[in-house]
Number of protein chains: 2
Amino acid sequence: MADQDDAGRAGAEFLWGLRERPVKQPRLALTVDRIATAAIEMADAEGIEGVSMQRVAASLDVTKMALYRHLTNKAELVAVMIEMAVGDPPDLSAIEGGWRPRIEHWAELMRGTWRRHPWLPTATVGDRAIGPREIGWTESALSAFDGTPLLGAEKIDAVFVLSGHIRNSQVAALSGTQPWTSDRRTRGDIGELMRRNHNQFPHILAALDDARNAPADNSWAFGLEQILRGLASLIDERATTKPLRRAK
Amino acid sequence: MADQDDAGRAGAEFLWGLRERPVKQPRLALTVDRIATAAIEMADAEGIEGVSMQRVAASLDVTKMALYRHLTNKAELVAVMIEMAVGDPPDLSAIEGGWRPRIEHWAELMRGTWRRHPWLPTATVGDRAIGPREIGWTESALSAFDGTPLLGAEKIDAVFVLSGHIRNSQVAALSGTQPWTSDRRTRGDIGELMRRNHNQFPHILAALDDARNAPADNSWAFGLEQILRGLASLIDERATTKPLRRAK
DNA sequence: ATCCAAAGTATCCGGCGGACACAAGATAGC
DNA sequence: GCTATCTTGTGTCCGCCGGATACTTTGGAT
């Protein structure tokens with residue numbers, strides 16, 4: 001940072017043991033990748049709202065305006081973060097057993113990724129640029145339905161509802177939304193308030209009571225199961241000439 | 001606003017035609033309701049990110065700090081906005097025909113509300129306070145499953161996946177997420193980019209091609225249908241002693 | 001008429017995204 | 001080897017944000 005005006009002084013200080021190593025440690029170059037990596041690390045740890053240009057820059061020992069040499073604005077940083085965080089989409093072609101194991105595998109992988117980066121649901125709302133890897137996940141999911149009798153639009157809609165369930169499970173996990181399905185602390189608070197007005201919420205309280213001994217948080221698996229059941233029913237209906245008794 | 005120290009002067013100015021009407025137009029009192037109503041109007045028109053304390057205050061002809069006499073902070077304003085925007089939950093008890101028409105009715109009402117206030121998905125992420133009317137919508141949905149053999153936890157999870165689909169449809173509608181399902185403009189842009197790398201996205205392009213003559217945006221109805229099919233299948237399975245051939 | 005609590009205002013703060021002008025270091029041409 | 005240019009990072013400034021604090025105004029109750 002300063003190595004010219006104190007060139008002479010630096011030598012003296014070094015000789016007299018005032019400094020152990022020459023100042024000029026290489027200082028790796030600033031790149032979009034390094035910036036985004038630092039920002040992702042910050043977002044993973046503190047949430048996306050804690051990520052500001054200033055703080056990212058500081059974590060890289062650089063002024064905030066230096067970032068603008070590599071990114072045109074903050075939206076672009078977020079877009080790059082997303083693209084980097086979602087990672088490369090999986091190849092499902094090796095998975096045997098038809099569409100269901102394939103899409104289940106895909107869903108678990110995607111859920112894992114989103115859980116590793118809990119800020120993704122927040123960052124992916126609103127109008128924004130979408131990168132090729134993100135699209136690649138959709139491509140990957142569509143491939144799971146190869147060989148099914150679903151129409152193109154139906155495959156897309158199926159992937160949509162599945163992605164939505166993943167996003168939504170993550171939204172619920174990091175928030176007070178649907179708190180009774182997530183953590184005990186919040187559940188206690190809201191539960192208390194509901195119990196105080198118990199006559200207003202009889203069904204919720206009855207359901208919670210009934211659920212007391214159920215597995216802690218099954219909403220992810222339950223929702224996934226129902227969506228896949230629905231798809232299975234549609235696919236079967238399409239596949240057989242004489243349709244199954246249609247689900248009422 | 002000022003009517004004591006310039007009482008005499010005011011009369012003179014009025015007599016001499018310097019002021020057309022007495023200053024003291026009633027100036028309706030500031031209330032939480034008026035504030036939230038103004039903020040909702042702004043959010044509906046410009047999105048939640050356009051809502052700032054300053055702008056809300058200005059639209060009420062008041063300084064921003066006046067709002068803090070009625071609300072402790074912005075999060076509270078947003079919470080009140082949400083509670084007001086979602087409105088009173090519906091009473092489904094009059095709907096005949098079992099759980100399915102009831103929950104379908106509920107879903108359409110909820111979707112309508114969320115469409116009228118497109119900022120709701122954005123405002124309802126993250127840890128936050130939840131009000132009684134919002135909970136009331138869950139209560140209402142749960143009542144739709146009265147008489148079904150679902151367990152309490154399952155009813156809650158069913159409502160969760162349905163709410164999620166509503167939220168997610170709205171997220172998609174206002175954004176570039178899953179753009180091929182929403183508006184033509186974005187679809188054109190992304191479509192162009194995908195076509196340029198057509199070998200990377202064969203399934204998407206094939207599906208879009210196949211979907212060219214399909215109804216414009218069916219993702220809401222399709223997802224809802226699959227979820228309900230899944231639930232129907234589970235309910236039937238529970239209801240009959242000899243289980244149906246289980247969906248593969 | 002006076003006092004007082006409630007409601008609204010004025011001013012200030014740190015942090016935000018970002019525009020713009022500038023400085024220093026690398027690099028290329030001669 | 002010297003100089004001009006181009007790249008990369010810096011310093012300063014702006015308007016807007018949410019919010020703390022101290023103030024003035026105002027409408028009633030006494």
Side-chain angles (χ1 to χ4, degrees), chain A residues 1-7 10 22-36 38-39 42-43 46-81 119 122-123 126 128-129, chain B residues 1-7 9-10 22-36 38-39 42-43 46-81 119 122-123 126-129:
Chain A
M1 207 178 291
D3 59 353
Q4 169 152 320
D5 55 340
D6 26 356
V23 173
K24 209 171 169 183
Q25 45 218 23
R27 172 160 195 179
L28 18 160
L30 206 52
T31 63
V32 172
D33 269 36
R34 282 189 66 226
I35 297 171
M42 199 172 286
E46 314 171 35
I48 191 79
E49 67 284 354
V51 175
S52 76
M53 298 304 270
Q54 332 223 32
R55 305 222 309 123
V56 171
S59 84
L60 294 168
D61 230 354
V62 121
T63 61
K64 118 184 123 159
M65 290 317 291
L67 306 186
Y68 286 96
R69 292 286 171 197
H70 305 268
L71 299 160
T72 72
N73 53 39
K74 193 183 180 183
E76 190 167 303
L77 170 57
V78 174
V80 173
M81 287 171 67
W119 46 272
T122 310
R128 64 192 182 87
Chain B
M1 203 181 295
D3 61 351
Q4 172 153 315
D5 56 340
D6 28 355
R9 184 151 47 84
V23 174
K24 209 173 168 181
Q25 46 217 24
R27 174 161 195 175
L28 22 160
L30 206 54
T31 63
V32 172
D33 268 35
R34 283 190 64 226
I35 297 172
M42 198 172 288
E46 315 171 34
I48 191 80
E49 67 285 352
V51 175
S52 75
M53 298 304 268
Q54 333 222 31
R55 303 221 311 123
V56 171
S59 85
L60 294 168
D61 231 354
V62 119
T63 62
K64 119 184 120 158
M65 290 319 289
L67 306 186
Y68 286 96
R69 293 283 170 198
H70 306 266
L71 299 159
T72 72
N73 53 38
K74 193 184 179 181
E76 190 168 302
L77 170 58
V78 174
V80 173
M81 288 172 67
W119 46 273
T122 310
D127 214 355
R128 64 193 182 86

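Chain identifiers are assigned alphabetically (A, B, ...) following the order of the sequence lines, protein sequences preceding nucleic acid strands; residue numbering begins at 1 within each chain. Side chains are part of it too, since the values below use all heavy atoms of this structure and drop only hydrogens, waters and symmetry mates. All values reported here derive from a predicted model rather than from experimental measurement.
With rounding to whole Å, B/His70 atom NE2 is found 6 Å from C/dA7 atom P. In this entry the distance linking CD1 of B/Ile35 with P of C/dA7 reads 11 Å, nearest Å. One atom, CD of B/Glu49, and another, C1' of C/dC16, lie 16 Å apart when rounded to the nearest Å. Between A/Leu60 atom CG and D/dT10 atom P the separation is 11 Å, expressed in whole Å.
Between B/Met65 and B/Gln54 the shortest side-chain heavy-atom distance does not fall below 4.5 Å. No side-chain heavy atom of A/Leu77 sits less than 4.5 Å from a side-chain heavy atom of A/Leu67.
Salt bridge annotation for B/Glu76-B/Arg128: absent, with no cationic side-chain nitrogen under 4.0 angstrom from a carboxylate oxygen.
Between A/Glu49 atom CD and A/Thr122 atom OG1 the span is 7.0 Å, to the nearest 0.5 Å. Note that OG1 of A/Thr63 is 11.0 Å distant from OH of A/Tyr68, once rounded to the nearest 0.5 Å.
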## Note on the structure
Quick tally for nucleotides 16-22 of chain D: nucleotides whose base has a protein heavy atom under 4.0 Å get B, sugar-phosphate-only ones S, the rest -, giving -BBBBBB
### Query
Does the side-chain contact (heavy atoms from CB on, under 4.5 Å) test come out yes or no for B/His70 and B/Leu30, once each step is laid out?
CA-CA 8 Å; B/His70 306 266; B/Leu30 206 54; 3.7 Å; yes
